[in-house]
Structures are given as C-alpha cells and as structure tokens.
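Working notes for the structure below.
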Amino acid sequence: MNNTNSNKNSDIFNGLNKNQCLAVESLNGPLLIIAGAGSGKTKVLSHRIANLIDNSVLPHNILALTFTNKAAKELRNRIAQLIGYEKAKYIWAGTFHSIFARILRSEAESMGYTSAFSIYDTDDSSAQIKQIIKSLNISDKSINATNVRNKISSLKNKLISAKEFTSKAETIEEKYISKIYNEYEYIVKNNNAMDFDDLLLNIIYLLRQDKGILEKYQKLFRYILIDEYQDTNKAQYITIQLLAKAHQNICVVGDDAQSIYRWRGAEISNILNFNKDYPYSKIIKLEQNYRSTKTIIEAAHHIILNNHHQLAKKLWTENPQGDKIIIHQCADDREESFKITSIIQDEVRRGMNYNDIAVLYRTNAQSLSLENTLRMQKIPYDIIGGISFYKRKEIKDVLSYLTLLVNDKDSEAFRRAINEPPRGIGLTSLRNLQLYSEFNNTTLLDACKNIEHIPEIKGKAANSALEFYKMISEYKTIIQENCNGDTISDYINATGIIQMYEEIASDDAYDRIRNIEQLLIDIDNYFDENELSTLDDYLQQISLITDIDNKDLDDNKTSLMTLHTAKGLEFPVVIIVGVEKGLFPLERTRLNQEEEEEERRLFYVGVTRAKEKLYITYALRRAKFGEISNQGPSKFVSEIPKEYTNRAFSTGMSFTDTESKKSISRAKYDNNVNEYSQIAPDDNYSQIPNKINSFKVGDKVRHQNFGKGKIIQISGYGSQLKANVSFENVGVKVLMLQFAKLEKL
DNA sequence: GACCTGCTGATTTTT
DNA sequence: TCAGCAGGTC
C-alpha cells in the first residue's frame, strides 16, 4: 500500500485542514499527532480509520484504544457515519480496559482463569484488602485499606509485582504492605477475579508468556491507534509497544498540556519520548482550534506558558475575538454561590440554555454549598460524577448475587451476598466457612453445601447456609437454561433483598428498592437487545461502565462537575469556581514543581472547555473542615494577561441566611427526588402501570410472602404510592405498590 | 448479630 | 463540618 492515498474518497477528506489531512493520509509507520484542545482530534482519528479501510485494511485488523467509554462510543459512532455500521462493528474500538478484558476472556484458560472471571472495581479491591488486613492481624493505625489499595495499584501500574516489592520493602510500613500485596494477589486470582489494574497487567503476562500468542495479536492488530496518549501508564505503554513492535503501524494522539492523571500513574514522558521510542516516527501538530474564541485561546496559551516541560506548539483560531474573561472576587463561598447563580440566570436571560453552561470545581466538596443556592434559585442542575449508580450498596449486593451464579469462586461476592438480607451467619460462622474452604480447597459456596461437615456451625446458621447454597444452585440451573429479565428478576426476589428493604420501609429503603428495580429493568433491556448474550457477558460489560456514560448532557440542566471530569467536554459558557490559593492549586502541591504544573494543566483544561464565555470566581474566605480560612486569588488568575480579563469585586454583601442551607445540604446524599436535580435515575419511573392506581382502602389482597391482608391506608402518589396492609399473620406492613406485586382478592 | 457512640481524617478518580 | 468506621454494649 502507498503511504499516501492516491484514490481520495471525498467523504474522508472533506472539511479537513491541511494538517488534519496529513494525519489522515499517513497510514503506515509510527505517527505522533499532537492535538491541541478543540483541534478536531476525534475527527482525525475516525477519518484516519475510514481511510485505512478505504485502503483495503480489514476492519478487524484495526485496534483503537481510548480511556473512556464516552470517547470510545463517540469514535465508533463517527466511524460508522463514515463507513457504515456493518464494517465499523468489526473494528476493535473501545477502552483499554474493555478491549483487554475481551482478549483476556478468550485467553482466560491459558492463564488459569475461567472466562467468567469477575472484575473488581476499586471498592471491591478495598473490601478485599480490608479483609486481608484483618486476617493478618495487622493493627497498625497507618495501614488502612484505601491507602494500601492505592499503593498496590500504583505498584501494579509500574509493573512491580508483589514478589518484587517484597524484596525491596524496607520500612515497617512497606513490609506490611508487601505482605498484604502478596496475599491480595493470591486471593484475587483464587477468586477467579481481576481488578482494573490486572486487566492491564495480565495482558502483558499473556503476551510475554507465549511467543505464539504475541504473534497472533501482532498479526491481528496490524494498525493501532491510541487516544489520549499522554495519559497512558507504564503497563499500557508496554502493551502498546509489544503489540506494535513487529509492524510499527502505531498512531498515537495526545496533548501533553492536558495530562492531568499523573497521580494515578500516567507518565507524560510516554508522549514526550515517543520519537525516541519510535525513531522513524512522523510528528503532526494540530494547532488550529475550532472550539473557542480568540480571547479564550490566547488566555489558555499564556497560562500554559508557565509550565517548563512541554512540547512546543501554539494553539490558534479563526473564531471571533469574543468576550473578555470575567473574574469575580467574592467575599466568601456563600457569596460565590450567589454570584454563580446570578451568572447562570443572566446567561439564560441572554438566550443560553441551562445545558449550555457548566460549573467546574477542583474538589467534589465544593458542590455542596453551590447546590443549596442553585436549588433556592430554582436553577435546574445535574451533578456529573460523584457517587456512581453501580457503586450503591444495594446495586453491588444484587450484582454479587448474580456474580455467584457465574463465578462461584468469588469470595468477595459471597461475602456481600450471604448476609444481605441478614441470614444469621455472622462473623464467626463466616470465619469457620472460610477455614473449611481453605483447608479443603473448596469455594465458600461449597462449604455451605457441606455444612454438616463443619461442626462449629450449627442451628440457624447451618440451616440458612445450606438454604443459601440451595437457592444459588437452583437458580444457577434455571438461569443457565433461560437467561432473561424474568428469571433474573425471580432470582433477586428469591434472595429476599427487596423484601428486606420493604420491611425497613424508610424513604431511604424505598430509594434502594427503586434502584434495584431500575437495575432489573436494565438487565431486562440488555437481554432483549442481546438475545445470545450470557449473564457473564452482562456482568463484565457492566463492571466497566461508569455513571458518566449514562448521563444525558442534552437535558436542559446546568452541569456541575470536577475539572477532571470535564476533560473531553465543551460548553458555550464555563464557570471555573474556587480559583484561590490553597484550593486551586491545592495546598499540598505548593512546593512541588511537577505537581503544580499538573494543577496548571488542569486549569488549562478547564479554560479550554469554554466555547464562547469564561467566568472565573474565587472567594476570600471559605468554610473548610468546619473552619473559616482566609485566602487570596490563585496565582493562576494573575497568569492570565489583563488585556483578556474584566474584573468584578465583592459587593461586600453578607449572607446570613443559613437556615435554608442546613435543611437541604444533605439532599445530595439522601438521594432525594426533586424537580431540579436528577441524581438517581428517577425519570424512568414516570411510567407506572395503571394497575397500582386501582387499589383502594378496604381491598382484600394477597402478598407473595406475607399472605392475605387488607389495605387500611394508602399514601403517596405516582411511583411513591404506598399501602399500609394489615396481614392476617404478620401484622401491618407498609408496602410500595409498584413493587409489592399485590394480588387483589 | 444488631445497634449505638465517639473518633478520625478529609484531592482529583477515565476503568 | 460530617461521613465512615472501629469498638463497645445489649
């Protein structure tokens, strides 16, 4: 094939600038594309892939890796638009984690896993580590599960195995960590599970363990494209090298100025040294920005100039000059919140929609006081990020029940499921089950099956352990034969978890039931759409998606999110808040040049999200950990040349109205339904079957578990419709009609 | 095994 | 300030 395209397909090159064309044309050999913010990176990637296919490369020979599902989805859509879905679907386009999981699944046996291995998220890992700390009897205060998990994760990202770390460990703390790390490695493998880091690591082990396998994938992935290359860690870097070694058809796209994940192992040197790793590489710079006004681009440029380590480039745009950046100094965080709401209101009055506006902050904690004010002023908003749906306790519990059906080795899933609802199997019984299973080399579930051989567990505990086993194995058969929304729903009902929350009957419990119900609806939809899929397909897929992937930025709501989350997005109006000393850049980065540069890149990312208007706010006083702290504007503010800014100062108004603040400040965590914020996926409940509206006081009914009873009171409305039912055998229960499946007698 | 209380420590978090 | 959890009590 020619390196330059002779038979230009007009669609592929339509609307591309010179450098974009160059990038799309250069098909063979190593290529580094430095793509500044808003320079059409995804466009270039998708058009380059289309061009590969236009030059007779088969879709399944192309590997395109991104960091987020969102980026992957967008890339896939754009490719499909260019070449049609039929061809596009064979391209290996996805996140590092999902593509690697897919490969590992098909090669699982050769690595001592089954293809239904579980994928542990950070919470699962932490829980497992907590368990290990307990079992090793480590009482050292400095050893806590989250810290150890982070430490182990960063070791894994640097490809340092437990064994290797053990030989290096010097301090007492390191020795403890190496002990935990060894145990963790062993247990997770034994659980037939991989954590997020393992997905990256095991690929390397797989490719290194067997030359045949390496060659197989080198041949398969003849053309490799990597998005956000500046964010790759060592494991990803090595995998890419292994795969690209033979053919060197590797194209990486990135922007060192937007590298903001150093703290989780990203090595900016990977992009800075690309031309050393691949000596014959071509470098193409995309410097024309199509997103922002001249003012914003110029300001961003001056900010990033303060960083020393970077690749030379200068973003420019043909867009209009645009408005100046407005910097608001506020007396305190209360006033800042009001300022933000008035900015939003003004912009809406001028014709913007709420969803044209984004508020970006450095730390999640900042969203709280902001939310209060937004609610009071009736501004519709949506928090992006934060607590994920899939991390909710009840969701994880239900998923654990499902996991046990496909991976009975998963002790983490077992531990979650066994006592939710409480079955009278406490810590002591659990420990005995564990001892038995370790001694006899069986799963915990098998230990339940053989409960009669464990004399330490008797009575109620023994009985319910056996029942637990029976339930799991019964549904394992049912769901293996017939995997769909109905059988799974039956199973979850049989576990008693919904009934448990019905009995608790608090608002919180009803929220949890609704979340479970939402999950069951999702599962039902999944199996409707993917008839050939199995339960482990579903579980692996779900374990790699995040909340953000499901957020609908098209809803007419203002988005609130951290600066990190905002990467890759754009909004006509952006408000960066809390740009003050000690908060942004964070206090602890003050004396560390590298960390400060990363904070500056984060600020740069924030600024370049704005298309038309940028606001920056800071407060002179802020409540921090219950104390008032005084600070001035961030040094970043003064790095923007004055010619691009307009400054506004505090009016000196004082806000003493703290009552309303208190009453709603918890709402975020309470997951309340309200008309201004969509935190839980509540909207799907607007379609309530009419059936439940037909119940009235005095009706005689039957409940699956509670038997016969009579409705004595009805309260709530819509999805919240509840009935107080007096049952013949179990007394009065409050039930949500939507889920109680009451039968009219 | 479930519940209460008092202590601790608190960045960012693509997967 | 305030959520999460370890450790004590019933």
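Heavy-atom basis, side chains included; hydrogens, waters and symmetry copies ignored. Labels below follow one simple rule: chain letters A, B, ... track the order of the sequence lines, proteins then strands, and each chain is numbered from 1.
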Requested in this report: Look at A/Asn69 and B/dT14 and indicate whether a side-chain polar atom (N or O) is within less than 4.0 Å of OP1 or OP2.
Outcome: no

Requested in this report: Measure from CG on A/Leu586 to P on B/dT12 and round the result to the nearest Å.
Outcome: 8 Å

Query - Integer-rounded Å distance: B/dT15 P and A/Asp123 CG - result: 14 Å

Report task. Run the salt-bridge test on A/Asp255 and A/Lys41 with the 4.0 Å N-O cut-off and return the result as yes or no. Result -> no

Query raised in the report: Please, which pairs that meet salt bridge (charged side-chain N to carboxylate O under 4.0 Å, His left out) have at least one residue in residues 150-160 of chain A, sequence neighbours excluded?
Result: A/Lys156-A/Asp195, A/Lys156-A/Asp198

Query raised in the report: Less than 6.0 Å separating the ring centroids of A/Phe414 and A/Phe468?
Result: yes

Requested in this report: Applying ring pair (Phe, Tyr, Trp, His ring centres under 6.0 Å), name anything that partners A/Tyr526, two or more places apart in sequence or on another chain.
Outcome: A/Tyr538

Query raised in the report: So which of residues 255-264 of chain A are in contact with DNA chain B, with a heavy-atom cut-off of under 4.0 Å?
Result: A/Tyr261, A/Trp263, A/Arg264

Report summary line: Those residues at least two apart in sequence (or on a different chain) that pass ring pair (Phe, Tyr, Trp, His ring centres under 6.0 Å) with A/Phe221 are A/Trp92, A/Tyr217

Query raised in the report: Please give, in whole Å, the distance from B/dT15 P to A/Glu228 CD?
Result: 12 Å

Query raised in the report: Which whole-number value in Å describes the distance from A/Leu563 CG to B/dT13 C1'?
Result: 13 Å

Query raised in the report: Given B/dT14, is OP1 or OP2 found less than 4.0 Å from the side-chain N or O atoms of A/Asn233?
Result: no

Query - Set of ring pair (Phe, Tyr, Trp, His ring centres under 6.0 Å) partners for A/Tyr261, sequence neighbours left out - result: A/Trp263, A/His564

Query raised in the report: Rounded to whole angstroms, how far apart are CZ on A/Arg362 and P on B/dA10?
Result: 15 Å

Query raised in the report: A/Ser429 or A/Phe196: which one's nearest nucleotide on DNA chain B is closer to the 5' end?
Result: A/Ser429

Requested in this report: Send over the distance from A/Met194 CE to B/dT15 P, rounded to a whole Å.
Outcome: 19 Å

Query raised in the report: Of the nucleotides C/dC5, B/dT12, B/dT15, which has the atom closest to the A/Thr68 side chain?
Result: B/dT15

Query raised in the report: Can you check whether A/Thr122 has a side-chain N or O nearer than 4.0 Å to OP1 or OP2 of B/dT13?
Result: no

Query raised in the report: So which one's nearest nucleotide on DNA chain B is more toward 5', A/Ala365 or A/Ser543?
Result: A/Ala365

Requested in this report: Let me know the distance between CD of A/Gln236 and P of B/dT14, rounded to the nearest Å.
Outcome: 14 Å

Query - side-chain hydrogen bond (donor to acceptor under 3.5 Å, both in side chains) involving A/Asn233 - partner list, sequence neighbours excluded - result: A/Asn157

Report task. Mind checking A/Asp231 for me? I need base, sugar-phosphate or nothing, with any heavy atom below 4.0 Å counting as a touch. Result -> base

Query raised in the report: What integer distance in Å separates A/Tyr361:OH from B/dT13:C1'?
Result: 13 Å

Report task. Return no unless some side-chain N or O of A/Lys567 is found under 4.0 Å from OP1 or OP2 of B/dT13. Result -> no

